[in-house]
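Read through the structure below, which is laid out as structure tokens, and then see the notes.
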Amino acid sequence: MNLTRSAQRYLRLDFTLDDALPTRMPVYVNSVVYLFGATALMALAWIVISGVVLTLGGPSWYHTNAVGRFANAVHYWSVQLFFFGLVLHFVTKFFLGAWRDGRWLTWVVGVLLLGTGVFTGLTGFLLQTNWDSQWIATQAKDAMNAAGIGAFFNTMNMGQVLTLHVAALPLGIAVLLGLHIFLIRRDSPVRPYDDRPNRAHADLAEARAVATHASNDELAGSGRRTRENLCGIPLKPYDLLREGAIVFGLAAVVVLALAVVVGAPDYPTVNGENVATRQPIAYLKTTVGILLGNDDSALGGYGPPYQNDKSAAQHLGPIAPANWFGATRPVDPARDLVLAPLARVAQINPAYATPLAEFKAATRAQQQTWLTAYDKALAKATVSGDAVQLPAGDYGPVEAMMNGMLGLGRSGLLEGALAAEGNDYAPYSFDYTKQLSYFALAPPYFDSAKHLVQQGNPQWGIVHETGNYPGAWWLDAYQVWYEIPAISDADNADLLVVTTMLALFALLLLLPVIPGLNRLPHGLKVYRVIWRDWYRERAEPVSRQRD
């Protein structure tokens, strides 16, 4: 078998230059909805352009450099425009029943492209390296971990997220997009409902072709599928490249204007230094809570992939995906988040070595007694200058230990001490699991900056930016499930939501072959609004309605 000859034969029959760069289109392609796909495509071009510029300066230069801030704003608004066009394109193609007449593969590839784009958008928001990305990373990890994906994908590992966002996922989008465009150009736009002559009505098709001037000569250079799909349909002049250039220019005007006038959200992160300085009592409350194991960090009592406690994993009946792979990123919150950093403080300041040694030598019961007493005393603590004053009590070595941790936070060295633990390749480290988790669930995460109060319902943090900027609104379809009390109050809420979304995604993929559902657009009749000129002026009645 000669593969080259087979490819030549295919291109001669099914995909020609006239298909790839058409100069004529069926007359029913006269609605603005046909520009939604082009809008998403041209916005994607601006995403790539601005993304390349951003990569030239590294992952955080756009916080301090004027050019970087502008490029980041262009990238941000290009993403917003991309999903605006993509979502509208997907919705309108549903109402047109775009999978009909053998176009099921086009629909499937489009759904896969939508899913890949959504995940790519999520990784992009994780890479903002500001407060919003900090919040999204700690929230999104729960769904990933509950579904077992967290064993391989860590939303708090910026090295992994960066690789996915700038290399692996764009490659997947390029492949799917190329295939999607190829299928669209090969098959031509789907015809209006109730106007599809079958082979038994060849004479009717021929008569209509003559009457409407859609002669064989007009389609002679097109592929076989285009000739079959547009048989009997009047055509109009069309310039694909001109349309693309116009949409590209309009997209440029929109994103550049928004980048200049509005900019992009960029709120500073919450870190040990600003919490320890502005809210020392809350900082100490979080730290002693980690030692107590009362889940004030995002990792305490979590289960896989951080601990091997399988009972802590979310279950759906007997199914617990998090347990399939175990603790792939083991973390002991008390040891890794507090005791290990404190040991580094003791190396610099030996005054903390004695209380740390005394604490480690004590029994677990004695440790709990000291920690509990200190934790309760914080409710009556006051701040005088730089000192936190507690009422008299038996705190053992805990008070001195907490003073050491407070000093570590105020010095801005807490995150560095957390990163150094267990890293044989320091100073290279992109896994910020411990640093981001320290304040993920604690009060300081919400209270240490004024803009955080605008967040409202914490469940919406993954889709809403701080301030008045639009966030990852295309994830609302996922996030809205958490607003249902029966789900949000469940112990396995994340697994329920992920399972629901996977089921809905599978339903979209299989929509072309599901009886009843694949006829839903025909029953809704929205297509008559989109093709209103066709039904008013062009369409002829046929004796049999076919899809």
Side-chain angles (χ1 to χ4, degrees), residues 19-47 77-101 103 106-107 109-111 113-114 117-118 121 177 180-181 183-196 212 214 226 229-230 233-258 470 473-474 476-477 508 511 520-539:
D19 294 321
L21 296 172
T23 57
R24 301 185 71 80
M25 272 285 167
V27 294
Y28 56 78
V29 182
N30 64 342
S31 172
V32 69
V33 302
Y34 287 97
L35 292 178
F36 292 150
T39 300
L41 183 61
M42 293 303 106
L44 180 62
W46 280 104
I47 290 175
W77 288 111
S78 298
V79 170
Q80 298 293 334
L81 182 61
F82 169 75
F83 279 104
F84 174 79
L86 185 63
V87 170
L88 289 179
H89 176 69
F90 174 77
V91 171
T92 53
K93 290 307 175 184
F94 167 79
F95 286 124
L96 297 181
W99 52 81
R100 293 177 290 124
D101 301 329
R103 292 176 175 82
T106 308
W107 173 266
V109 173
V111 173
L113 187 57
L114 175 65
V118 167
L177 182 61
H180 191 63
I181 293 175
L183 293 171
I184 291 172
R185 296 267 58 89
R186 185 195 69 175
D187 295 339
S188 72
V190 68
R191 295 170 65 133
Y193 275 96
D194 307 333
D195 190 49
R196 175 64 174 165
T212 57
T226 296
N229 289 324
L230 297 185
I233 297 293
L235 306 177
K236 63 179 181 179
Y238 176 69
D239 190 338
L240 176 66
L241 297 181
R242 181 172 177 269
E243 178 185 282
I246 292 174
V247 177
F248 180 81
L250 291 175
V253 171
V254 171
V255 299
L256 293 178
L258 288 170
W473 53 267
W474 52 89
D476 279 343
L508 288 178
L511 189 60
L520 187 59
H522 186 267
L524 294 173
K525 305 297 183 184
V526 176
Y527 64 86
R528 286 189 169 272
V529 177
I530 299 173
W531 286 320
R532 58 185 179 276
D533 292 340
W534 172 264
Y535 286 105
R536 183 174 61 246
E537 302 172 5
R538 303 275 185 176

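Quick note: numbers below take in every heavy atom, side chains included, and nothing from hydrogens, waters or symmetry partners. In this text the structure is predicted, and so the values were computed from the model without any measurement.
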Once side-chain hydrogen bond (donor to acceptor under 3.5 Å, both in side chains) is applied, do any residues pair with [X], and if so which ones, sequence neighbours excluded?
X: T226; answer: D19
X: R186; answer: Y10
X: N30; answer: D533

Would you call [X] and [Y] a side-chain contact if the rule is heavy atoms closer than 4.5 Å?
X: R536; Y: W534; value: no
X: H522; Y: Y527; value: yes
X: S188; Y: R103; value: yes

With sequence neighbours excluded, what pairs up with [X] under the ring pair (Phe, Tyr, Trp, His ring centres under 6.0 Å) test?
X: F83; result: W474
X: F84; result: none
X: W46; result: F248

Of all heavy-atom pairs linking D101 and N229, the shortest is CB-OD1, 4.3 Å
Say you draw a straight line from [atom1] of [X] to [atom2] of [Y]; how long is it, rounded to the nearest 0.5 Å?
X: R100; Y: D187; atom1: CZ; atom2: CG; value: 13.0 Å
X: M25; Y: L230; atom1: CE; atom2: CG; value: 8.5 Å
X: L81; Y: L86; atom1: CG; atom2: CG; value: 11.0 Å
X: H180; Y: R185; atom1: NE2; atom2: CZ; value: 10.5 Å
X: K525; Y: Y193; atom1: NZ; atom2: OH; value: 9.0 Å

Contacts of type side-chain contact (heavy atoms from CB on, under 4.5 Å), residue [X], not counting sequence neighbours:
X: V529; value: R532
X: L511; value: F94, W99, W107, L517
X: L44; value: I47, F82, I173, L177

Taking side-chain hydrogen bond (donor to acceptor under 3.5 Å, both in side chains) as the cut-off, I'd like each qualifying pair that reaches into residues 78-91, sequence neighbours left out, listed once.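 Counting only pairs at least two positions apart or across chains, the side-chain hydrogen bond (donor to acceptor under 3.5 Å, both in side chains) contacts touching residues 78-91 are Q80-W473.
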Does any pair with a residue in residues 235-253 pass side-chain hydrogen bond (donor to acceptor under 3.5 Å, both in side chains), and if so which ones, sequence neighbours excluded?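 Only Y238-E243 qualify under side-chain hydrogen bond (donor to acceptor under 3.5 Å, both in side chains).
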Check: P189 main-chain N/O paired with Y28 side-chain donor or acceptor under 3.5 Å: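 Here the side-chain-to-backbone pair exists.
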Report, one line per pair, each donor and acceptor closer than 3.5 Å where one atom sits in a side chain of residues 31-38; sequence neighbours left out.
| residue | atom | partner | partner atom | Å |
| --- | --- | --- | --- | --- |
| S31 | OG | V33 | N | 3.3 |
| Y34 | OH | W531 | NE1 | 2.8 |

